[in-house]
Amino acid sequence: VTGSVKTGLGPVATADAAARGAAAQAAFQKYSDEGVAAKSQDAILANMLAEADQFGTGFGQDKIKQAQAFLVRFTPEVLARTFGADAKSLSANEGFDKLAAQIANAQGAGSDARLAVNQSANPSSSLSPDGIRLIVGQLRGNADYMQARATLAAKYPNKTNNTAFEQEVAKKLDPRVFQYMRLTEPQRVIYAKGISEADQPAFADAYVFAKEQGLLNGRR
C-alpha cells in the first residue's frame, strides 16, 4: 500500500514561523514609529535654535528672564528697553524654555531627580550660545540617525526578517556620522579628534555608506 507523503511545516514549526514573522513586522513598525517621532523632535530642536538667536543665553539666564518679565509687564516699553528688556526676546526665551521642557518630559523622567538629569543633558537657556548649538546639533544628529534607519527599513524587501535587516543594513549606520554633520565646522574639528584612531575606519565607512544612500542630503 502506498501512503501519501506529507510535505511542509508541521503545526509547531508553522506557529513558530508565524510568531517570528509577527515579531519582525512589529520591529519594522517600530523603526517607522521612531522615525516619525525623530522627525517631530528635530522640528522642535530647529525651533529652539531659532528662538535662541533672539535672546542672550548664559549663566543666570533664568533670573534675568524673571527680571525682564517684570520690566516688560510693569514698566513703559521705552524704559524696559533701556534695561535690556524686550517683549520679543522675552517671548523667544520663554518659548525656548517651553520646548526644552517638552523634550525633557518626552524622555520619560518618572521623577524630579530623573527630570533634572534629563534637563542637564538637554539644551538650556543657561548654556552659552556655542553650548546650545553643540547639544542641539548632537540631538538633531540623533534624530537624523533614527530617520535614516526608518528610511532604510522602509526600503528593505523582507519585512519578515528584521534580524537580517539589522545585520545587513542597519549596522552600517553610525549615529556619530549624523551628529558630526549637524555641527559647525569648528565643532567638527573637535568632534573628529575625539574619535579614536582605531575607530576612525569604521566611522569613515559609515559616512561613505550614509552618503551613498542619500541619507546626508540637506545636512549642513
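Note that the structure is predicted; figures quoted are calculated from it, not measured.
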Enquirer: Report yes or no: does Q187 contribute a side-chain atom to a donor-acceptor pair with the main-chain N or O of T184 at less than 3.5 Å?
Expert: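 Yes, the answer is positive, given that a donor and an acceptor are paired below the 3.5 Å cut-off.
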Enquirer: CG/N162 to CD/Q167 distance, rounded to the nearest 0.5 angstrom?
Expert: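 So the CG of N162 and the CD of Q167 are separated by 9.5 Å.
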Enquirer: Could you see if V136 belongs to whatever hydrophobic cluster contains I190? Use Ile, Leu, Val, Met, Phe, Trp, Tyr and a side-chain cutoff under 4.5 Å.
Expert: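 The answer is no; the residues belong to distinct hydrophobic clusters.
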Enquirer: Given side-chain contact (heavy atoms from CB on, under 4.5 Å), test L183 with R133 step by step and report yes or no.
Expert: CA-CA 8 Å; L183 301 179; R133 281 191 288 270; over 6 Å; no
Enquirer: Give the minimum heavy-atom separation between A206 and D174, together with the two atoms involved.
Expert: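 Between these two residues, the closest heavy atoms are CB-CB, 3.5 Å.
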Enquirer: Kindly indicate whether the side chain of D205, heavy atoms from C-beta on, has any atom under 4.5 Å from the side chain of K172.
Expert: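 Answer no - side chains too far apart.
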Enquirer: Quick check with a 6.0 Å cut-off and a 45 degree axis cone: is R188 positioned over the face of Y180's six-membered ring?
Expert: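 Cation-pi check for R188 and Y180: passes.
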Enquirer: Which pair of non-hydrogen atoms, one from F28 and one from K159, has the smallest distance, and what is that distance?
Expert: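 Reported closest heavy-atom pair: CD1-O, 3.4 Å.
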Enquirer: Can you tell if the side chain of D199 reaches within under 4.5 Å of the side chain of R176, non-hydrogen atoms only?
Expert: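 Yes; the side chains approach each other to less than 4.5 Å.
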Enquirer: Looking at every non-hydrogen atom in both residues, tell me the closest pair between A150 and G35 and how far apart they are.
Expert: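 Scanning both residues, the minimum pair turns out to be CB-CA, 3.8 Å.
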Enquirer: Using 0.5 Å steps for rounding, measure from the CD1 atom of I44 to the CG atom of L49.
Expert: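 It comes to 12.5 Å.
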Enquirer: Can you pull the ring pair (Phe, Tyr, Trp, His ring centres under 6.0 Å) pairs that have at least one residue in residues 135-161, sequence neighbours excluded?
Expert: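 Every pair satisfying ring pair (Phe, Tyr, Trp, His ring centres under 6.0 Å) with a residue in residues 135-161: Y156-F165.
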Enquirer: State, with a plain yes or no, whether a side-chain heavy atom of Q147 is found less than 4.5 Å away from one of D42.
Expert: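 They are in contact (side-chain heavy atoms under 4.5 Å apart), so the answer is yes.
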Enquirer: Check the pair E166, Y31 against side-chain contact (heavy atoms from CB on, under 4.5 Å), reporting the backbone distance first and the verdict last.
Expert: CA-CA 11 Å; E166 290 285 351; Y31 298 142; 2.6 Å; yes
Enquirer: Quick check: closest heavy atoms across G141 and R182, and the distance to 0.1 Å?
Expert: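 Scanning both residues completely, I find the closest heavy atoms to be N-CG, 3.7 Å.
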Enquirer: Applying a strict under-4.5 Å side-chain criterion to I, L, V, M, F, W and Y, I'd like to know whether I195 and L134 cluster together.
Expert: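 Shared cluster, yes.
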Enquirer: To the nearest 0.5 Å, what is the distance between CG on L215 and CZ on R149?
Expert: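 Atom-to-atom, L215:CG and R149:CZ are 13.0 Å apart.
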Enquirer: Quick one: CD1 on I132 to CG on L45, what's the gap to the nearest 0.5 Å?
Expert: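 Nearest 0.5 Å value for the CD1-CG distance: 12.0 Å.
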Enquirer: Work out which heavy atom in A24 is nearest to a heavy atom in N161; give both atom names and the distance.
Expert: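 Heavy atoms only, the tightest pair is CB-N, 3.7 Å.
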Enquirer: Please walk me through it: do D130 and S128 pass side-chain hydrogen bond (donor to acceptor under 3.5 Å, both in side chains)?
Expert: CA-CA 5 Å; D130 284 343; S128 68; 5.6 Å; no
Enquirer: Can you name the residues that form a salt bridge (Lys or Arg N to Asp or Glu O under 4.0 Å) with D53, not counting sequence neighbours?
Expert: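 Expected list: none.
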Enquirer: Run the side-chain contact (heavy atoms from CB on, under 4.5 Å) test on V169 and F209 for me, step by step, so that the C-alpha distance in whole Å, both residues' side-chain angles and the decisive distance to 0.1 Å come before the verdict.
Expert: CA-CA 10 Å; V169 180; F209 174 75; 4.3 Å; yes
Enquirer: Please give me the minimum heavy-atom distance between E51 and G95, naming the atom from each residue.
Expert: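 Result for this residue pair: OE2-CA, 4.3 Å.
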Enquirer: Nearest 0.5 Å please: distance from the NZ atom of K98 over to the CG atom of N47.
Expert: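 Here the interatomic distance stands at 11.5 Å.
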Enquirer: How many angstroms lie between atom CD of Q179 and atom CD of Q138, to the nearest 0.5 angstrom?
Expert: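 Interatomic distance, Q179 CD to Q138 CD, rounded to 0.5 Å: 5.5 Å.
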